[in-house]
Amino acid sequence: MQKNLVIVESPAKAKTIEKFLGKDFKVMSSYGHIRDLKKKDLGIDIENGFTPLYEIPADKKDVVGELKKSAKGAEMVWLASDEDREGEAISWHLYQTLGLKPENTKRIVFHEITKDAILNAIENPRTIDTHLVDAQQARRVLDRIVGFELSPVLWRKVKPALSAGRVQSVAVRVIVEREREIQNFKSEASYRVVAIFTKDGNEIKAELTKRLKSKEEAQAFLEKLKTATFSVDDVEKKPVTKSPAAPFTTSTLQQEASRKLGFPVGLTMSVAQRLYESGKITYMRTDSVNLSGLAINASKAEVEAAYGKEYVKSRKFSTKTKGAQEAHEAIRPTYMSEHTITGSAQEKKLYDLIWKRTIASQMADAQLERTVITIGISNDEMRFVAEGEVLKFDGFLHVYLEGTDDEDADREEGLLPAVKKDELLALSETTATERFTQRPPRYTEAALVRKLEELGIGRPSTYAPTISTIQNREYVQKSNIEGVQRQYNVLSLKNGKISDKEKTETVGADKNKLVPTDIGVVVNDFLIQYFPDILDYNFTANVEKSFDSIAEGKKEWKKSISDFYERFHPTVEAATNMQTDHKVGERLLGDDPKTGKPVSVKIGRFGPMVQIGTPDDEEKPQFASLQKDQSISTITLEEALKLFDLPRTLGEYEEKNVTVAVGRFGPYVKHDNKFVSLPKEEDPFSIDLAKAIILIEDKRKKDRQ
DNA sequence: CAGTGAGCGAGCTTCCGCTTGACTT
């Protein structure tokens, strides 16, 4: 018979804690939530005051059975789930489901898995906070209502099996709006002027403080420089310090692993999970930047031993994230003394990142000296400025520098030669390069996570799943976008002569970035039109405020949900009953010149399609699917009509028809009931019989091998 | 492995947030 049973959420945590507690304690895991709203139907009794209908999911029956057995035999059950809204609810569900009694149940919490923290928690038990539990029930019920009432509207109005929800729909909105910004972006050109001066054989690279608006202006300026002299107007030196970034949270780990290792967020999480389960790092789903005292001391010792005393600086970071619940520590190595680990290549890389980030967070600031030289022009008011930075003490930079999302941080600053005020400088070369303003960047998975975190939407445990959901529903996809060639102009002045060159560059190319699909755009626009409150970027922040009042006992949760429902449900009814002539998201392109019938594009049962005619016509309408690279919002009438040219019959080969069409796996040639995929460079609209026969023969040869 | 789609019809799809394995290729 066991004296004490402790229940935590994670089995890895259970194992660790059991070691701290000794023989009188058995530690088990609940594996997260053990009860949830009924899987089928709404799972909420709206008529009876929004009473949740809970059930134990099939895959949790075994766990609950085991826990029940152990609880029965224990003198005291210690509910040790996380100290946040969800954790409190887990304890409450355990209390109810296991049939526990107040006299032999205690609720304990700790934020770090250290012996002291756990023993201290055992000394200071409390009871379940029912207000906090109610806040969780409100959160759960609200999410179910929003998701299960919105999704069916989409099934009826757009396409079956779609989904909408408080988190995913806003995530899609972020992507759709960014794509629109990119589409509407007009880049503006200006001339960036850079001059190279010389001083005792050293070069000083300086930029004109103003960009010039036109080529004429740039030419006139270079012309003027031919006769100008240059002198140092000012030399300014000032110390600059740089501080290390806070230790990793789930979100920042995902961002850095994406920037530095190229990991998608799902991969980062599964690699981190393995590191956690093998005891190498602390818990990987956290919004806290806090390190335990133990970790801070261990880091200090490591820094001192490896780099010396002057590199030590112990720091405590505080969370600025909206809605953070801080039930755990930051993500850090369990043992700072393990600089490297054994494991897969991915595990090693991720561990290395975590170790460096953690150790750097406990190191001294970097000290730099920044020099700014202002150079005057004898015959013009404008000035050149050269900036240089010299590292005086590297501090934390010795081990780690946080990455940036800024793709064109092309500033190269280094040591500048010593110059004095009023000193004359010789100009060796000046170039005026045409530069264009940049469109906003598309999101990577990790950048979207950062945006969601900024908006206070979603939790560490849901960032990666949310990113998967919106891709699985085909609202967004990771795409490679081909860039376009652009001409730009470079004027340069050297040895008293001005040269004028045209250069080309590729712009707008993107790799593995999130781009909305037609379905994503149509669903988004529909939701924003009919449910603007739910799609509002502040919706989550606002409901969080009301969850907070429930947690503080100032508001009754069922009343709060009832108020919401009274406002929300009528909008669902209105959207369901709305009647229009056209399907949601449909776009009319014009009339078909052959038949005079209207041509439109819209979302069909199987995705984006073109339609000629309407069901009211005597003849049935004609249909064709859009190609992969086409979209409802940009396709033209011509392009749409062309889709009806397929399937094409090219002619006969061996007395059988050769046809070309586009199928599920792209364009193909069909002959004698055999299929041959078209290579990328072949176009199904223009390929001829001769080329098709070559493809057929190639395929035969390959099949024979 | 290679399009489909406009109406008889049954029943299905779906949320967010806690947690891991148990599956396949």
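Letters A, B, ... mirror the listed sequences (proteins, then strands); counts begin at 1.
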Colleague: Is the closest basic N to carboxylate O distance between A:Asp143 and A:Arg166 below 4.0 Å?
Modeller: yes
Colleague: What does the list of N/O pairs under 3.5 Å between the protein and nucleotides 22-25 of chain B look like, with a distance for each?
Modeller:
none

Colleague: Determine the contact category for A:Ala327: base if any of its heavy atoms lies under 4.0 Å from a base atom, sugar-phosphate if only primed atoms, P, OP1 or OP2 are that close, otherwise nothing.
Modeller: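 Nothing: the residue A:Ala327, judged by heavy atoms under 4.0 Å, touches no strand.
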Colleague: Can you check whether A:Gln611 has a side-chain N or O nearer than 4.0 Å to OP1 or OP2 of B:dG5?
Modeller: no
Colleague: Can you tell if the side chain of A:Lys642 reaches within under 4.5 Å of the side chain of A:Asp645, non-hydrogen atoms only?
Modeller: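 Side-chain contact under 4.5 Å: yes.
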Colleague: Quickly work out the A:Ile534 CD1 to B:dC15 P distance and round it to whole Å.
Modeller: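 My rounded result for the distance is 15 Å.
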Colleague: Taking atom P of B:dA2 as reference, at what distance in whole Å does atom NZ of A:Lys628 sit?
Modeller: 16 Å
Colleague: Is it the case that the side chain of A:Thr286 and the backbone of A:Thr249 share a donor-acceptor pair, with hydrogens and angles ignored and the cut-off at 3.5 Å?
Modeller: no
Colleague: Under 4.0 angstrom, heavy atoms only, what part of the nucleic acid is A:Lys602 near: base, sugar-phosphate, or nothing?
Modeller: base
Colleague: Short question: side chain of A:Lys583, backbone of A:Ile603 - any donor-acceptor pair under 3.5 Å?
Modeller: yes
Colleague: Write out all pairs satisfying side-chain hydrogen bond (donor to acceptor under 3.5 Å, both in side chains) with one or both partners inside residues 457-467 of chain A, taking only residues at least two apart or from two chains.
Modeller: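 Those involving residues 457-467 of chain A are A:Asp287-A:Arg459.
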Colleague: Apply salt bridge (charged side-chain N to carboxylate O under 4.0 Å, His left out) to A:Glu566 and list each qualifying residue two or more places apart in sequence or on a separate chain.
Modeller: none
Colleague: Tell me what A:Gly43 touches on the nucleic acid: a base, only sugar-phosphate, or nothing, going by heavy atoms under 4.0 Å.
Modeller: nothing
Colleague: Would you indicate what A:Gly165 reaches in the nucleic acid, counting non-hydrogen atoms under 4.0 angstrom: base, sugar-phosphate, or nothing?
Modeller: sugar-phosphate
Colleague: Once you round it to whole Å, what is the distance between P of B:dT4 and CG of A:Leu626?
Modeller: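 Whole-Å distance recorded here is 15 Å.
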Colleague: Is a donor on one side and an acceptor on the other found under 3.5 Å between the side chain of A:Thr571 and the backbone of A:Phe531?
Modeller: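 Here the side-chain-to-backbone pair does not exist.
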Colleague: Do A:Leu455 and A:Thr540 touch side chain to side chain, with heavy atoms closer than 4.5 Å?
Modeller: no
Colleague: Select base, sugar-phosphate, or nothing to describe what A:Ser677 touches, counting heavy atoms under 4.0 Å on all strands.
Modeller: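 Base contact.
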Colleague: Whole angstroms only, please: what is the NZ-P distance between A:Lys38 and B:dC15?
Modeller: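 Rounded to whole Å, this separation is 18 Å.
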Colleague: If the condition is salt bridge (charged side-chain N to carboxylate O under 4.0 Å, His left out), which residues does A:Glu347 pass it with, not counting sequence neighbours?
Modeller: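 With sequence neighbours excluded, A:Glu347 shows a salt bridge (charged side-chain N to carboxylate O under 4.0 Å, His left out) to A:Arg274, given in chain and number order.
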Colleague: Have a look at A:Ala89 and say if it touches a base, only the backbone sugar-phosphate, or nothing, with a 4.0 Å heavy-atom cut-off.
Modeller: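 Result for A:Ala89 = nothing.
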Colleague: Does DNA chain B take part in any stems of at least 3 consecutive Watson-Crick or G-U pairs (both distances under 3.5 Å), and if so, which ones?
Modeller: none
Colleague: Rounded off to whole Å, could you give me the CG-to-C1' distance for the A:Asn472 and B:dC16 pair?
Modeller: 16 Å
Colleague: Establish, with yes or no, whether the OP1 or OP2 oxygen of B:dT14 is under 4.0 angstrom from a side-chain nitrogen or oxygen of A:Arg473.
Modeller: yes
Colleague: Counting only side-chain nitrogens and oxygens, does A:Tyr668 get under 4.0 Å of the OP1 or OP2 atom of B:dC1?
Modeller: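 No, A:Tyr668 has no side-chain N/O under 4.0 Å of OP1/OP2 on B:dC1.
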Colleague: Would you classify A:Gln168 as touching base, sugar-phosphate or nothing, given that sugar-phosphate means primed atoms plus P, OP1 and OP2, and contacts are heavy atoms under 4.0 Å?
Modeller: sugar-phosphate
Colleague: What are the residues of residues 150-157 of chain A, sorted by number, that bring a heavy atom to within less than 4.0 Å of DNA chain B?
Modeller: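 Under 4.0 Å from DNA chain B: A:Ser151, A:Pro152, A:Trp155.
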Colleague: Applying side chain to side chain contact (heavy atoms under 4.5 Å, CB included), name anything that partners A:Leu53, two or more places apart in sequence or on another chain.
Modeller: A:Lys38, A:Asp45
Colleague: To the nearest angstrom, how far is A:Leu162 atom CG from B:dC12 atom P?
Modeller: 18 Å
Colleague: Using atom CG of A:Leu527 as one end and atom P of B:dC15 as the other, report the distance to the nearest whole Å.
Modeller: 13 Å
Colleague: Would you please name every residue forming a side chain to side chain contact (heavy atoms under 4.5 Å, CB included) with A:Tyr283, sequence neighbours left out?
Modeller: A:Tyr276, A:Arg285, A:His328
Colleague: With no hydrogens and no angle check, is any side-chain donor or acceptor of A:Asn542 less than 3.5 Å from a backbone partner on A:Asn538?
Modeller: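 Yes, because the side chain of A:Asn542 sits within donor-acceptor range (under 3.5 Å) of the backbone of A:Asn538.
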Colleague: Taking atom C1' of B:dC12 as reference, at what distance in whole Å does atom NZ of A:Lys39 sit?
Modeller: 12 Å
Colleague: Just to verify, what does A:Asp36 make a salt bridge (charged side-chain N to carboxylate O under 4.0 Å, His left out) with, not counting sequence neighbours?
Modeller: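 Partners of A:Asp36 by the salt bridge (charged side-chain N to carboxylate O under 4.0 Å, His left out) criterion, ordered by chain and then number, come out as A:Arg140.
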Colleague: Between the protein and nucleotides 17-20 of chain B, list the N/O to N/O atom pairs that are separated by less than 3.5 angstrom.
Modeller:
| unit_1 | atom_1 | unit_2 | atom_2 | d |
| --- | --- | --- | --- | --- |
| B:dG17 | OP1 | A:Arg166 | NH2 | 3.0 |
| B:dG17 | OP2 | A:Thr462 | OG1 | 2.9 |
| B:dG17 | O4' | A:Arg139 | NH2 | 3.3 |
| B:dC18 | OP1 | A:Arg459 | NE | 3.2 |
| B:dC18 | OP2 | A:Ser461 | OG | 2.7 |
| B:dC18 | O3' | A:Glu9 | OE1 | 3.2 |
| B:dC18 | O2 | A:His33 | N | 2.6 |
| B:dT19 | OP1 | A:Tyr283 | OH | 2.3 |
| B:dT19 | OP2 | A:Tyr283 | OH | 2.7 |
| B:dT19 | OP2 | A:Arg285 | NE | 2.9 |
| B:dT19 | O5' | A:Tyr283 | OH | 3.3 |
| B:dT19 | O4' | A:Gly32 | N | 3.4 |
| B:dT20 | OP1 | A:Ser10 | OG | 2.5 |
| B:dT20 | OP2 | A:Gln273 | NE2 | 3.1 |
| B:dT20 | OP2 | A:Arg285 | NH2 | 2.7 |

Colleague: Using the test side-chain hydrogen bond (donor to acceptor under 3.5 Å, both in side chains), find all partners of A:Glu682 that sit at least two apart in sequence or belong to another chain.
Modeller: none
Colleague: Considering heavy-atom distances to DNA chain B, does A:Lys159 or A:Arg605 have its closest nucleotide positioned more toward the 5' end?
Modeller: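 Of the two residues, A:Arg605 wins.
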Colleague: With A:Lys478, which residues qualify under side chain to side chain contact (heavy atoms under 4.5 Å, CB included), at least two apart?
Modeller: A:Pro264, A:Glu445, A:Gln471, A:Asn512, A:Leu514
